[in-house]
Amino acid sequence: MLRNKFEWVQILQVPMTFIFCAFIDLFMYIFSWLHPQAYYQHILVLLIGCICMGIGVTCQLLGRVVILPGEGLVNAIATHCKLDFGKIKVIFDWSLVAIAGGLSLYYFGTIEGIREGTLVSAFATGLLVKFFMNMLLKFRVKRFGQLRQQYKMEKLKSKGNKV
């Protein structure tokens, strides 16, 4: 028997990972027509992908929905150590790139599969999450303040009408 909501979150991570993978395959199929030729086009597609990833991770965190295991580990470290999620995300992604590079050197004698895009993505995703979190939290705080002020004004008007 499940005792709390955190057990539900742990159980839901596995099916959510499969759903996330299905969406990756779907969008790879949708954008299969896209074949950038020039180097700047590759960089543009990379940056668009990093922005989309940053927005997606930010929405996961702010929405407090089931967080995928990669971001879940980063979020657990950031929450436990009371550190910034974006900084921990950059460190985590760079550590994964370093491990992949080390394994590649060990097994192949050269670095395979790691190029500029991997390095930019490992650096940019965490910074973009930090940027979007700050931007959306400022918007949310501002909007919440406006709603609170509007509620107070309506309450004062209703009291004035009753007297």
Side-chain angles (χ1 to χ4, degrees), residues 2-141:
L2 298 174
R3 291 181 294 265
N4 58 36
K5 81 174 195 175
F6 295 110
E7 290 181 24
W8 277 107
V9 170
Q10 291 170 346
I11 290 171
L12 289 175
Q13 278 186 336
V14 173
M16 289 303 291
T17 303
F18 285 110
I19 292 169
F20 180 74
C21 294
F23 273 101
I24 289 175
D25 291 342
L26 173 68
F27 281 99
M28 285 179 62
Y29 176 75
I30 289 171
F31 290 106
S32 63
W33 58 269
L34 185 64
H35 298 287
Q37 299 299 318
Y39 192 74
Y40 76 90
Q41 292 171 335
H42 287 269
I43 298 297
L44 182 64
V45 170
L46 169 69
L47 294 177
I48 291 170
C50 287
I51 290 169
C52 290
M53 179 68 81
I55 291 171
V57 171
T58 302
C59 289
Q60 266 187 342
L61 295 172
L62 290 179
R64 296 185 181 176
V65 295
V66 177
I67 298 174
L68 295 176
E71 282 76 31
L73 179 60
V74 174
N75 191 34
I77 293 168
T79 303
H80 180 73
C81 298
K82 295 178 177 59
L83 298 170
D84 180 53
F85 179 89
K87 290 178 184 177
I88 300 299
K89 176 79 172 144
V90 170
I91 293 168
F92 182 76
D93 288 350
W94 273 93
S95 66
L96 292 179
V97 170
I99 291 168
L103 289 172
S104 179
L105 281 172
Y106 179 77
Y107 285 108
F108 302 118
T110 182
I111 294 180
E112 297 286 333
I114 299 175
R115 288 193 47 197
E116 316 82 289
T118 306
L119 301 176
V120 168
S121 178
F123 183 70
T125 304
L127 295 178
L128 287 168
V129 169
K130 182 178 179 177
F131 171 76
F132 290 128
M133 287 279 271
N134 290 336
M135 190 172 71
L136 289 173
L137 286 173
K138 285 179 187 175
F139 175 76
R140 197 164 87 178
V141 166

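Because the structure is a prediction, the values reported are computed rather than measured.
- Although no hydrogens or angles enter the test, the distance criterion places a donor-acceptor pair under 3.5 Å between the side chain of Gln37 and the main chain of His35.
- Among all heavy-atom pairs drawn from Phe132 and Ile51, the shortest one is CE1-O, 3.9 Å.
- Between Leu44 and Pro36, the closest side-chain pair of non-hydrogen atoms is not below 4.5 Å.
- The shortest distance between side-chain heavy atoms of Tyr29 and Asp25 does not fall below 4.5 Å.
- Under the salt bridge (Lys or Arg N to Asp or Glu O under 4.0 Å) criterion, the residue pairs touching residues 117-130 are Asp84-Lys130, with sequence neighbours excluded.
- Two residues are said to be in side-chain contact when any heavy atoms from C-beta on lie closer than 4.5 Å; Phe85 and Val57 meet this criterion.
- Considering only heavy atoms from C-beta on, Glu112 stays 4.5 Å or farther from Tyr107 through its side chain.
- For Met133, the CE atom sits in a packed shell: over 12 heavy atoms of surrounding residues, nucleotides or ligands are nearer than 6.0 Å.
- The nearest pair of heavy atoms linking Ala78 to Ile88 is CB-CG1, 4.1 Å.
- A search for side-chain hydrogen bond (donor to acceptor under 3.5 Å, both in side chains) contacts involving Tyr39 returns Glu116, not counting sequence neighbours.
- A distance-only check finds a donor-acceptor pair linking the side chain of Ser104 to the backbone of Thr110 [under 3.5 Å].
- When the side-chain hydrogen bond (donor to acceptor under 3.5 Å, both in side chains) test is applied to Gln60, no partner is found at least two apart in sequence or on another chain.
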